[in-house]
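Below is one structure, written out as structure tokens; comments come after it.
Excluded from the calculations below are hydrogen atoms, water molecules and symmetry mates; all remaining heavy atoms, backbone and side chain alike, are included. Computed from a predicted model, the values in this text were never measured in an experiment.
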Amino acid sequence: MEIYPTYQLDLQVQDTERYYGFYIHLPHGILSVSANGQRLYQTSTQNRQMSPTVLASIQPDENGLIRLTFQLEEMDRHSWLPTPRSLYFGPSENIERKNAIESLLQMAVAAIMLIHAIYACILKAIKPAKKGILFFALAAFFAAASVLISDNKVLGYFIALNSEWDKRLTYLFYAGLSLSFLLFVLRTFAPSYKRTVRVASTLFGLYFVYLLLVPLSLLHKTGFLLAVAIVFAFSTISC
């Protein structure tokens, strides 16, 4: 039976009347977080969210001590990071503001990409013969999705995003962006390269099926295939 570690962090503050908070990326698995013996956060088999966790409204004891304890009960077998990371500490309102600003910035960038996608779809409806516009719309959509699933993983605020689907969707969005941009360039600037379009579409189509169906353990071992797909797409564009 594997024994999982417990991490403890002691922080000393001067203002014992103020509330403090943490912004932290927790490892993937079943764990609990406590401050001065009071449980603040608990994951379970059903709840393994991927977004950064904000733990606010933590008050130190009468000596100004905040003792933060991470108890890991079960580690996700596919996780590469068994320890908490990217931990930020400060007054509660500052931590909440940091998370809100970063999340809003990500959503704003994604919204701009989606507006481009919608605009491209409108142009496609006006000029049906311009096939490249459709692939530009797809590229903009995948770019927006890639932004939402990175850094603060804002996508996790809207849908349940566990560690498995975080990995699968990340690979899928980046591969989809590479293919869409490749097809946009070929259809717009090199319409005679029809064979290249067929070959690229077939290879990427097989890779998409692979991303969705293979066991996650195999996906981790073959993560280099995403780099191969991206290099293939952009090297084809540069030729």
Side-chain angles (χ1 to χ4, degrees), residues 7 9 11 13 18-35 38-59 66 68 70 72 76 78-121 137-178 180-181 211 226 230:
Y7 303 97
L9 176 65
L11 295 163
V13 298
R18 193 169 194 176
Y19 287 94
Y20 296 88
F22 293 89
Y23 171 99
I24 185 171
H25 285 266
L26 293 169
H28 310 160
I30 299 176
L31 53 89
S32 61
V33 182
S34 303
Q38 180 180 1
R39 181 165 294 183
L40 304 173
Y41 183 81
Q42 173 75 55
T43 62
S44 64
T45 304
Q46 293 75 31
N47 172 30
R48 299 191 186 193
Q49 71 173 33
M50 292 298 301
S51 301
T53 302
V54 177
L55 305 174
S57 302
I58 301 172
Q59 193 168 23
I66 298 177
L68 197 66
F70 305 90
L72 189 60
D76 191 323
H78 305 301
S79 177
W80 293 352
L81 296 167
T83 58
R85 60 190 176 91
S86 302
L87 188 152
Y88 296 88
F89 171 76
S92 186
E93 61 273 15
N94 292 354
I95 295 298
E96 291 177 330
R97 186 184 305 115
K98 167 186 167 59
N99 182 59
I101 291 175
E102 292 182 355
S103 298
L104 286 173
L105 285 174
Q106 276 192 259
M107 286 189 282
V109 172
I112 292 172
M113 295 295 101
L114 287 175
I115 290 172
H116 279 78
I118 294 171
Y119 179 66
C121 289
L138 286 173
F141 169 78
F142 281 118
S146 299
V147 169
L148 291 177
I149 207 168
S150 63
D151 297 328
N152 279 33
K153 299 187 182 296
V154 178
L155 188 63
Y157 296 147
F158 304 102
I159 62 173
L161 191 64
N162 59 26
S163 57
E164 176 178 351
W165 281 104
D166 169 70
K167 181 62 67 177
R168 290 186 191 276
L169 290 178
T170 299
Y171 282 31
L172 187 66
F173 291 158
Y174 279 106
L177 173 59
S178 301
S180 300
F181 192 70
L211 291 177
L226 176 62
I230 294 174

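- Separation of atoms OG (Ser34) and CZ (Arg39) is listed at 5.5 Å; rounding is to 0.5 Å.
- Applying the ring pair (Phe, Tyr, Trp, His ring centres under 6.0 Å) rule to Tyr88 yields the partners Tyr23; only residues at least two apart in sequence or on another chain are considered.
- In terms of heavy-atom proximity, Ala175 sits nearest to Leu226 at N-CD1, 3.9 Å.
- Taking Tyr119 as the reference, Leu123 meet the side chain to side chain contact (heavy atoms under 4.5 Å, CB included) condition, with sequence neighbours excluded.
- Here the side chains of Ile66 and Phe22 are in contact, with some heavy-atom distance below 4.5 Å.
- Shown here for Ser178 and Ile230, the closest heavy-atom pair between the two residues is OG-CG1, 3.4 Å.
- Inter-residue side-chain proximity for Leu211 and Arg168 is flagged as unmet; no heavy-atom pair is nearer than 4.5 Å.
- Between Ser57 and Tyr19 the shortest side-chain heavy-atom distance falls below 4.5 Å.
- In terms of heavy-atom proximity, Val13 sits nearest to Phe89 at CG1-CZ, 3.8 Å.
- Taking CZ of Phe142 as the reference point, atom CG of Leu138 lies at 6.0 Å (rounded to 0.5 Å).
- Without hydrogens or angle criteria, Gln106 side chain to Ser150 main chain gives a donor-acceptor distance under 3.5 Å.
- Note on ring orientation: taking the six-membered ring where Trp is involved, the planes of Tyr7 and Phe70 are perpendicular (angle over 60°, cut-offs 30° and 60°).
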Exercise for review: Determine, step by step, whether Leu68 and Leu11 satisfy the side chain to side chain contact (heavy atoms under 4.5 Å, CB included) criterion, reporting the C-alpha distance in whole Å, the side-chain angles of both residues, the deciding distance to 0.1 Å, and the verdict.
Suggested key: CA-CA 8 Å; Leu68 197 66; Leu11 295 163; 5.7 Å; no
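- Smallest separation of non-hydrogen atoms from Ile95 and Gly21: CG1-O, 3.4 Å.
- In this structure the side chain of Leu172 never reaches within 4.5 angstrom of the side chain of Trp165, judged on heavy atoms.
- For Ser103, the side chain to side chain donor-acceptor pair (under 3.5 Å) partners at least two apart in sequence or on another chain are Asn152.
- The shortest non-hydrogen separation linking Ala56 to Ser92 is CB-OG, 3.2 Å.
- You'll find the side chain of Lys167 stays beyond 4.5 Å of the side chain of Thr170, heavy atoms only.
- When all heavy atoms of Ala137 and Cys121 are compared, the closest pair comes out as CB-SG, 3.9 Å.
- Listed by first and then second residue, the salt bridge (charged side-chain N to carboxylate O under 4.0 Å, His left out) pairs that reach into residues 100-113 are Lys98-Glu102, sequence neighbours excluded.
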Point to revise | Worked verdict on Leu155 versus Phe173 for side chain to side chain contact (heavy atoms under 4.5 Å, CB included) | key: CA-CA 12 Å; Leu155 188 63; Phe173 291 158; 4.2 Å; yes
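- Applying the side chain to side chain contact (heavy atoms under 4.5 Å, CB included) rule to Phe141 yields the partners Leu114; only residues at least two apart in sequence or on another chain are considered.
- Every residue meeting the side chain to side chain contact (heavy atoms under 4.5 Å, CB included) condition with Arg97, not counting sequence neighbours, appears here in chain and number order: Glu93, Asn94, Ile101.
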Check your understanding: Could you walk me through whether Lys153 and Asp166 pass the side chain to side chain contact (heavy atoms under 4.5 Å, CB included) check?
Key -> CA-CA 9 Å; Lys153 299 187 182 296; Asp166 169 70; 2.9 Å; yes
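- Judged purely by atom type and a 3.5 angstrom limit, Gln59 has no side-chain atom pairing as donor or acceptor with the backbone of Arg18.
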